[in-house]
There are 2 protein chains.
Amino acid sequence: MPKTTHRADRHPGSRYGNRPTMKDVAARAGVGLKTVSRVVNGEPGVTPDTERRVQEAIDALGFRRNDSARVLRKGRTASIGLVLEDLADPFYGPLSRAVEEVARSHGALLINGSSAEDPERERELALALCARRVDGLVVIPAGDDHRYLEPEIRAGVATVFVDRPAGRIDADVVLSDNFGGARDGVAHLIAHGHRRIGFIGDMPRIHTAAERLRGYRAAMEDAGIPVEDRWMSLGVTSPERVRRAAQEMLSEPEPVTAVFAGNNRVTVTVVRVLAEGSRQVALVGFDDFELADLLRPGVTVVAQDSAALGRTAAERLFRQLDGGLIAPERIELPTRLITRGSGELPPAG
Amino acid sequence: MPKTTHRADRHPGSRYGNRPTMKDVAARAGVGLKTVSRVVNGEPGVTPDTERRVQEAIDALGFRRNDSARVLRKGRTASIGLVLEDLADPFYGPLSRAVEEVARSHGALLINGSSAEDPERERELALALCARRVDGLVVIPAGDDHRYLEPEIRAGVATVFVDRPAGRIDADVVLSDNFGGARDGVAHLIAHGHRRIGFIGDMPRIHTAAERLRGYRAAMEDAGIPVEDRWMSLGVTSPERVRRAAQEMLSEPEPVTAVFAGNNRVTVTVVRVLAEGSRQVALVGFDDFELADLLRPGVTVVAQDSAALGRTAAERLFRQLDGGLIAPERIELPTRLITRGSGELPPAG
DNA sequence: TAGAGCCTGGACAACGTTGTCAGGTGCGCG
DNA sequence: CGCGCACCTGACAACGTTGTCCAGGCTCTA
């Protein structure tokens with residue numbers, strides 16, 4: 001008995017009205033399979049007449065090339081992955097968009113996912129993207145151990161980290177100058193006469209938060225001001241806790257006269273607290289945010305260019321892809337102090 | 001002469017250090033190819049001992065399943081596409097994130113792209129996603145003719161449109177109640193005593209803009225107020241033009257006493273213009289935005305829930321995928337008027 | 001007009017995975 | 001002790017595409 005082709009195997013697990021393939025197009029146009037491939041890919045060596053026939057068959061059948069099969073054959077997917085913390089965070093929108101634009105200019109698509117600041121989820125996502133055989137990966141780390149990516153990198157997946165460095169592996173990373181930015185911001189407050197300056201920021205295990213704290217300390221030390229513990233509030237993330245921390249600093253016997261906010265979420269909450277109180281307190285925040293100029297007073301910030309972070313990272317990624325291996329590098333982008341009023345208030349009381 | 005395996009063909013176009021395949025794992029573990037497949041996919045029917053040997057080989061080689069090949073074989077990609085206007089726009093961040101979460105809960109990845117409000121680019125993107133064989137497509141239309149998607153939909157690509165309806169094809173669409181929201185917002189102004197109310201909005205060829213304009217007219221008509229042409233400014237997009245339009249309305253002999261802003265970009269610019277002037281003008285904006293409550297006065301808005309739009313659309317998409325074909329439906333989500341002060345100002349002058 | 005060379009088109013294998021089926025082993029039961 | 005059954009395991013084809021090679025027809029030149 002001859003082997004039978006098992007009908008049920010022809011389209012396993014598919015509910016689709018079978019899509020036409022190149023074979024179908026070839027049959028309809030009365031040409032060979034490879035000729036269709038040539039037409040679809042614009043390869044030379046097809047007479048105009050044949051090309052026309054093939055094109056007609058394509059249109060008639062509504063054929064669209066199956067890129068999965070193409071990828072399988074060619075080894076490259078023309079897509080890159082982006083793992084970030086939260087797409088809904090306004091900081092990451094422009095970053096993501098910038099990565100997308102660079103990808104687009106290289107003919108690649110962008111697949112992205114949010115880690116929700118969960119290391120395990122970051123890992124899952126990154127590995128899922130690798131299983132899809134993305135050509136490269138841009139990662140905004142949530143975790144601090146990225147050794148799980150070693151086999152992937154060895155296998156040729158270009159990888160660039162953004163915003164925070166990779167943990168326990170040597171890889172390209174693009175950062176803002178968190179230390180310098182924070183130091184400048186705090187120095188700005190000091191220059192306007194403040195000495196009791198509060199710092200509210202994220203957990204120091206997060207690299208950016210640690211660097212900004214270091215910047216704060218450096219500026220204070222440069223000015224010869226000893227920092228008191230009660231001026232610093234670390235690991236504060238939820239709006240409620242930021243609120244409480246700010247209120248505490250402001251209700252001491254010798255309250256702070258200025259606050260440096262470690263990121264935009266903190267800044268916004270502090271603005272709210274200050275708006276409720278009567279005392280005039282200076283404020284500089286890390287990260288710019290929309291409408292900061294419309295508040296009264298306008299909020300002085302240390303701005304980082306999130307689009308530039310994304311663009312730089314993506315360009316670096318494609319340089320890896322085009323040029324083969326290059327030594328991992330750490331690229332630091334400058335921040336910019338934008339004065340709008342809140343940071344120039346003199347100490348009150 | 002026997003056929004030779006052409007070495008150059010083994011890894012066409014690939015610069016990778018060859019990735020291990022199931023075959024390699026099988027060889028190393030001393031088992032058959034299919035057994036590896038079974039272990040990788042957690043299929044039953046493998047002795048614990050065999051499983052352990054395979055697992056060790058997997059770890060040793062750093063094997064990761066090639067999902068492209070899997071997709072080719074299975075017909076489903078477990079990924080969906082999202083075509084939106086601009087990821088960097090704060091309105092789309094939460095929407096995109098909501099789609100991602102739903103996708104994730106269905107085990108799917110999200111591939112997204114920005115059309116930059118260009119119909120041709122929308123088309124390219126959507127078709128590129130189809131070529132990747134995404135299982136479904138969520139589209140925020142930039143163009144107004146989506147017949148190009150017909151073959152795809154026929155071939156089984158689930159499709160849902162969001163924010164604006166599809167053009168010239170019959171498909172699922174999830175919208176905000178733009179008409180009702182705008183009517184309520186304008187009625188709110190009328191209820192606070194305004195009669196000369198300006199409207200600044202986008203080009204009426206954009207569905208949302210047209211609907212909001214219709215809502216404005218309806219509210220005015222309900223109140224028996226004849227609308228004057230000079231109160232309406234349509235097709236205004238750039239901040240400069242919004243600025244000019246607002247200034248004109250306010251410098252008429254009989255200036256408007258209130259403005260209804262057709263979207264968040266317009267609202268923000270109008271806030272700026274009003275902040276510069278001395279006259280007190282009421283304002284209601286369509287779309288909420290961060291910090292609207294922190295401005296003085298707080299900005300009253302008609303809020304749409306962009307996350308709910310995304311969530312609803314994605315859920316609908318997966319219902320299509322799970323349940324087969326269902327009749328296209330138009331789902332309209334309610335908007336919510338949030339009063340914060342700017343919309344409750346009485347007419348001045 | 002014959003031969004050389006070019007151009008077009010097609011046959012075939014291979015990419016890495018999964019579904020199907022068949023073979024083999026060991027165990028329990030009669 | 002033998003038969004049947006359950007359970008593992010592996011061989012094989014197929015998914016849709018592209019790279020390579022070859023065949024055949026054409027043109028051009030000597």
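These values consider heavy atoms only, across backbone and side chains, with no hydrogens, waters or symmetry-generated copies. Sequence lines set the chain letters: A, B, ... in the order given, protein chains first and strands last, and positions in each chain run from 1.
Distance Arg53(B) CZ to dT9(D) P: 8 Å, rounded to the nearest Å. As rounded to whole Å, 15 Å separates atom C1' of dC7(D) from atom CD of Glu51(B). Atom CD of Glu43(B) is separated from atom P of dT17(C) by 13 Å (rounded to the nearest Å). Arg73(A) has its CZ atom 5 Å from the C1' atom of dT18(D), to the nearest Å. Nucleotide dT17(C) holds its P atom 10 Å from the CZ atom of Arg70(B), rounded to whole Å. Here the P atom of nucleotide dT9(D) and the CE atom of Met22(B) are 16 Å apart, to the nearest Å. Taking atom CG of Leu72(B) as the reference point, atom P of dA14(C) lies 17 Å away to the nearest angstrom. Rounded to whole Å, the distance from NZ on Lys23(A) to P on dA13(C) is 14 Å.
In this structure a side-chain-to-backbone donor-acceptor pair under 3.5 Å is present from Glu100(B) to Ser114(A). Side chain of Glu122(B) to backbone of Gly143(B): a donor-acceptor contact under 3.5 angstrom is found. No side-chain donor-acceptor contact under 3.5 Å links Asp86(A) to the backbone of Ala116(A). Looking at Asp24(B), its side chain does come within 3.5 Å of a backbone N or O of Thr21(B) through a donor-acceptor pair.
Non-hydrogen atoms lying under 4.0 Å from DNA chain C are contributed by Leu33(B), Lys34(B), Ser37(B), all within residues 26-38 of chain B.
A side chain to side chain donor-acceptor pair (under 3.5 Å) with Asp67(A) is found for one member of Arg70(A), Arg65(A), Arg64(A) and no other, namely Arg65(A).
Contact between the side-chain N/O atoms of Asn41(B) and the OP1/OP2 oxygens of dT18(C) is found at a separation under 4.0 Å. Phosphate proximity of dT9(D) to Thr50(B): present, with a side-chain N or O under 4.0 Å from OP1 or OP2. At the phosphate of dG19(D), OP1 or OP2 sits under 4.0 Å from a side-chain N or O atom of Lys74(A).
Ring geometry for Phe318(A) versus His106(A): interplanar angle under 30°, hence parallel rather than tilted (30 to 60°).
Taking every side-chain heavy atom of Arg65(A) into account, dT17(D) is the closest of dG16(D), dT17(D), dT18(C). You'll find that the side chain of Thr47(A) is closest to dG9(C), out of dG19(D), dT9(D), dG9(C).
Within the nucleic acid shown, Val46(A) comes within 4.0 Å of sugar-phosphate atoms alone, with no base atom in reach, counting heavy atoms only. Nucleic acid contact for Val40(B): none, since no nucleic acid atom lies under 4.0 Å from a heavy atom of the residue.
Glu43(B) is linked by a salt bridge (charged side-chain N to carboxylate O under 4.0 Å, His left out) to nothing, counting only residues two or more places apart in sequence or in another chain.
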